[in-house]
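Notes follow once the structure below has been shown.
First listed ligand is number 1; within each ligand, the first listed atom is number 1.
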Amino acid sequence: MTSLDEIKALIAQKELFIFDLDGTLFNTLGDLAPAVNYAMTQFGLHTHSNDDVRTFIGNGSMNLIRRAVAANFIPVASTRDMEKVAETLARENYSDEKIKEIHKVYSEYYWEHCTKNTEPYKGVVELLQRISNRAENFNRNEDCAECDKNGAQPVNCVATKSAKVRCTAMLTNKPVAPAQKILKKFGLENSFATYLCGDTTPERKPSPAGIYEILRQTGIAPEKAIMIGDDTPDVLAAKNAGIDCITLFEGFGKTENLLPLEPCYTAGHIKDFAEFI
Ligand SMILES: O=C(O)COP(=O)(O)O
């Protein structure tokens, strides 16, 4: 693990913090697993333990369902390999249409129940509110032409920029509907400078496209931005975009999948360093 002093020094150089959602800001497993299992049961497939569902998360909700179905036929660990998943589904006659049908049942159930057993990790609400309040204070600057024009756009505020006020963004592969419902429940829907979800980002992680878009919207240079995430798509998206990343080892990602990516900066969880952001 990177020492706390090193993490603090790294954070001190950054202005834009791009967070992942599942397993990083929120523990969503308690609602994701029952929704996956509800869909499995409706289609006569076997259900999975929470720990196995953890392995299926990370590459968007359609791939979550693909992996959960494929794990009826191949070992859970092999479902990280999407080619193997595709081969298995084809062999077992699960067409794209059939997967879409299962996904629809899953999505409806998940949307209905996605805030029941979902909690932000310790320190997350305070961290996001603290940063957005600071940004809002600067936004009240009457001399700023950007603020006059746009009302509330902290990242474009001249004072915000010159004072190097930090801002936060979220980049998740989760669909926007449940993501927004979760943010709303905890009063965080306006806390980010911007956020992109699985169906609103130009391309899902591990593509760098979402990070590029966030950098474009905030006007912050890549070397001033950092990704914070718990799974392989986060680490790879940051690498692909050429920005730093703090990889969390106590979220949903499995150590054996994260270690081969040789992450530069590592921590246990966001609670370990949230107060320094
Ligand atoms: O929905 C997923 O597959 C993962 O979502 P995340 O990008 O917030 O981890």
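Applying the salt bridge (charged side-chain N to carboxylate O under 4.0 Å, His left out) definition to pairs two or more places apart or across chains, those involving residues 235-244 are Lys14-Asp244. Sequence neighbours left out, not one pair with a member in residues 258-267 passes side chain to side chain donor-acceptor pair (under 3.5 Å).
Grouped with Phe249 in one hydrophobic cluster are Met1, Val235, Leu236, Leu258, Leu259, Leu261, the linkage being side-chain heavy-atom contacts under 4.5 Å among Ile, Leu, Val, Met, Phe, Trp and Tyr residues.
There is a side-chain donor-acceptor pair under 3.5 Å between Gln180 and Tyr195.
Taking every heavy atom of both residues into account, Asp20 and Gly229 meet most closely at CB-CA, 3.9 Å.
Residues of the protein with a heavy atom under 4.0 Å from ligand 1 are Asp20, Leu21, Asp22, Ile57, Gly58, Asn59, Gly60, Thr172, Asn173, Lys174, Lys205, listed by chain and number.
Geometrically, Lys271 does not engage Tyr121 in a cation-pi contact, judged by NZ or CZ lying under 6.0 Å from the ring centre and within 45° of the ring axis.
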